[in-house]
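Atoms within a ligand are numbered from 1 in the order they appear, just like the ligands themselves.
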Amino acid sequence: MKQDNDFSYLIDLLGGGRLLAKSLSNYTNITLNEKTVYSWKQQGIPDKWKPAIIKLLIKSGNDIPELFFPPGMNIYNFNSSLSESNVLLSSYKDYKRDKITNENIKSFYKNMLFLRRFEEKVGQLYGLGLIGGFCHLYIGQEAVSVGIEAAIEKDDNVITGYRCHAHLLSRGASPYKILCELLGKDEGISKGKGGSMHMFAPENNFWGGHGIVGAQVPIGTGLAFASKYKNKSSLSVTYFGDGAANQGQVYESYNMASLWNLPIIFCIENNQYGMGTSIKRASAGTDLSKHGESFGIPGYAINGMNPISVYLGALKAVKWVRDGNGPIILEMKTYRYRGHSMSDPAKYRTREEVQKMREEQDPIEFIKKELLDNNIFDNEKIENIDNKIRAEINDLADKAKNAALSKEDNLYKDVLFNGEDN
Ligand SMILES: Cc1ncc(C[n+]2csc(CCOP(=O)(O)OP(=O)(O)O)c2C)c(N)n1
Ligand SMILES: [Mg+2]
């Protein structure tokens with residue numbers, strides 16, 4: 001049984017003999033002792049237990065080697081369990097660590113920290129009365145944008161709602177131009193006319209910045225349609241919130257995306273709250289990753305406070321879409337630390353809840369620990385990077401403050417499209 005022995009690593013993937021014996025016993029109602037499971041490491045996993053093990057592997061977000069399926073079976077025999085197990089990709093942790101390089105960890109840290117310090121600066125500028133209009137900060141949710149961006153290509157299209165500064169930065173847009181936009185300056189990324197909620201960067205394949213809750217979803221679906229229509233390999237990552245997830249146009253988009261097999265990742269940033277209401281009070285079905293089921297769209301819930309989980313989940317989703325399988329939903333379980341916008345009485349949650357998330361689940365602290373535990377960076381290096389980022393953002397903000405205000409005739413420019421289609 002040489003071939004079966006090769007699968008002994010699956011036992012470790014599922015937590016080792018003791019845990020697997022327990023999981024299988026719970027799963028099948030057949031009592032299995034730990035020693036028997038350990039003996040499979042030498043003797044091979046019996047075919048009888050393989051279906052249950054495959055289900056556990058699917059649940060924990062692991063790949064299943066083709067040769068592991070019992071004779072006559074393949075992944076499609078497990079389709080129903082695929083939709084049943086929305087926690088699938090949520091528990092990537094140590095056992096998937098081997099797919100992550102030190103370079104990944106370093107860039108997750110730098111990129112997330114940049115987003116955090118940038119948004120903190122924006123909060124300060126707003127507090128000083130230098131930013132007008134609405135302003136929604138992304139603090140707490142950094143792992144989502146950073147993890148997704150690491151898994152997609154620059155040719156792919158990204159679109160989101162009004163909480164958009166971070167996505168734009170992740171796309172590689174100029175932080176200086178974003179600051180100018182916030183301050184209503186001529187050099188702003190939308191020439192100072194859009195402000196916080198309406199930033200666009202077509203050169204970065206970033207399509208807004210939309211103030212109407214959920215409105216970006218059909219547009220993101222249109223971006224996916226354009227890729228398909230023009231035979232491009234690019235996909236569309238369409239972000240929206242838990243509140244937006246119940247808008248009617250989201251379901252119309254699901255339907256069309258599935259019907260036309262469009263290359264789109266619907267990325268729901270479930271930060272647990274809309275403008276002033278928790279998802280539990282606002283949504284009849286709180287398992288947002290399952291909302292595409294009746295349209296035949298698979299969905300996975302992912303720990304959106306962990307950039308490694310986000311990245312690995314996104315890699316799978318990207319592969320699914322690029323392989324021509326059509327849309328997929330990724331529900332990122334995340335959390336925002338600040339108010340919904342800069343004016344938010346925050347009566348819908350306790351300070352203790354926010355504090356607990358910050359202390360226990362902060363994505364940047366998590367990655368910092370990875371850096372230290374694996375001797376990738378020491379404390380000094382970590383601090384130097386932080387200081388460098390702070391200094392860079394301070395300089396850019398000072399420069400932006402001194403830049404010229406948007407000119408009045410900008411009001412009449414770029415209102416209607418009159419350029420060449422590409
Ligand atoms: C169609 C529409 N309805 C209501 C609003 C007011 N509004 C702005 S943001 C928001 C909450 C959306 O919450 P969610 O989708 O969870 O996104 P989050 O703010 O949490 O990122 C609401 C109701 C709006 N902008 N558009
Ligand atoms: Mg929300």
Side-chain angles (χ1 to χ4, degrees), residues 115-116 118-119 122-123 126 132-148 158-170 194-199 206-221 237-254 265-292 299 301-305 310 329-350 353-354 357-358 361 363:
L115 301 186
R116 171 89 39 111
F118 184 91
E119 292 289 68
V122 173
Y126 197 95
F134 286 109
C135 182
H136 308 80
L137 302 180
Y138 197 64
I139 297 174
Q141 300 182 210
E142 297 89 350
V144 179
S145 164
V146 166
I148 293 267
V158 170
I159 188 166
T160 186
Y162 41 82
R163 203 178 294 286
C164 65
H165 317 157
H167 304 84
L168 196 46
L169 288 167
S170 295
S196 168
M197 301 201 291
H198 307 110
M199 302 203 193
F206 179 82
W207 306 99
H210 295 268
I212 306 294
V213 169
Q216 72 273 26
V217 182
I219 304 174
T221 308
V237 179
T238 298
Y239 290 95
F240 51 104
D242 47 287
N246 286 316
Q247 291 290 85
Q249 51 190 326
V250 172
Y251 295 92
E252 296 181 37
S253 303
Y254 285 169
I265 297 175
F266 292 105
C267 184
I268 307 174
E269 296 198 66
N270 179 0
N271 59 12
Q272 336 240 348
Y273 295 94
M275 203 159 88
T277 314
S278 78
I279 175 167
K280 291 188 194 108
R281 286 165 57 100
S283 190
T286 52
D287 214 341
L288 304 181
S289 61
K290 284 187 176 171
H291 282 195
I302 294 181
N303 178 1
M305 299 302 277
V310 174
I329 294 173
L330 295 182
E331 178 197 353
M332 300 294 174
K333 304 258 191 201
T334 182
Y335 200 80
R336 71 168 155 70
Y337 299 163
R338 295 286 185 96
H340 164 74
S341 68
M342 299 307 288
S343 51
D344 178 356
K347 291 203 171 131
Y348 48 86
R349 62 182 183 183
T350 61
E353 179 187 303
V354 183
M357 285 302 284
R358 284 194 115 135
Q361 305 225 26

N/O/S of Asn270 less than 2.8 Å from the Mg ion (ligand 2)?
no
Working for side-chain contact (heavy atoms from CB on, under 4.5 Å), residues Glu142 and Glu119
CA-CA 10 Å; Glu142 297 89 350; Glu119 292 289 68; 6.0 Å; no
Over 60° means perpendicular and under 30° means parallel, so classify the ring planes of [Y] and [X], tilted if in between.
X: His291; Y: Tyr251; value: tilted
X: Tyr138; Y: His167; value: perpendicular
X: His340; Y: His136; value: perpendicular

Please identify which of these residues, Thr334, Asn270, Asn271, meets the side chain to side chain donor-acceptor pair (under 3.5 Å) condition with Gln141.
Asn271
[atom]: the protein heavy-atom neighbour that sits closest, reported with distance to 0.1 Å:
atom: atom 15 (O) of ligand 1; answer: Ala244 N, 2.8 Å
atom: atom 5 (C) of ligand 1; answer: Val213 CG2, 3.7 Å
atom: atom 25 (N) of ligand 1; answer: Gly211 O, 2.9 Å
atom: atom 21 (O) of ligand 1; answer: Arg163 NE, 2.9 Å
atom: atom 13 (O) of ligand 1; answer: Gly274 CA, 3.3 Å

Taking C-beta and beyond as the side chain, do Tyr335 and Arg349 meet within less than 4.5 Å on heavy atoms?
yes
Any side-chain heavy-atom pair from Leu169 and Phe118 closer than 4.5 angstrom?
yes
What atoms in ligand 1 come closer than 4.0 Å to a heavy atom of [X]?
X: Asn271; answer: 18 (P), 20 (O), 21 (O)
X: Gly243; answer: 13 (O), 14 (P), 15 (O), 16 (O)
X: Gln247; answer: 1 (C)
X: Gly241; answer: 14 (P), 15 (O), 16 (O), 17 (O)

Nearest-0.5 Å distance, [atom1] of residue [X] to [atom2] of residue [Y]:
X: Met197; Y: Ser341; atom1: CE; atom2: OG; result: 9.5 Å
X: Cys164; Y: Tyr239; atom1: SG; atom2: OH; result: 12.5 Å
X: Leu137; Y: Leu115; atom1: CG; atom2: CG; result: 12.0 Å

N or O pair under 3.5 Å between His340 and ligand 1:
yes
Is the closest N or O pair between Asp242 and ligand 1 shorter than 3.5 Å?
yes
Under 6.0 Å between the ring centres of Tyr273 and Tyr348?
yes
Asp242: which N/O/S atom is nearest the Mg ion (ligand 2)?
OD1
To the nearest 10 degrees, how large is the angle at the Mg ion (ligand 2) between Asn271 OD1 and Tyr273 O?
80°
Counting heavy atoms under 4.0 Å, the part of Glu269 that contacts ligand 1 is neither
Does ligand 1 have a heavy atom under 4.0 Å from the side chain of Met275, from its backbone, from both, or from neither?
both
Proximal candidate to atom 12 (C) of ligand 1 [heavy atom criterion; set Tyr138, Tyr273, Tyr162]
Tyr162
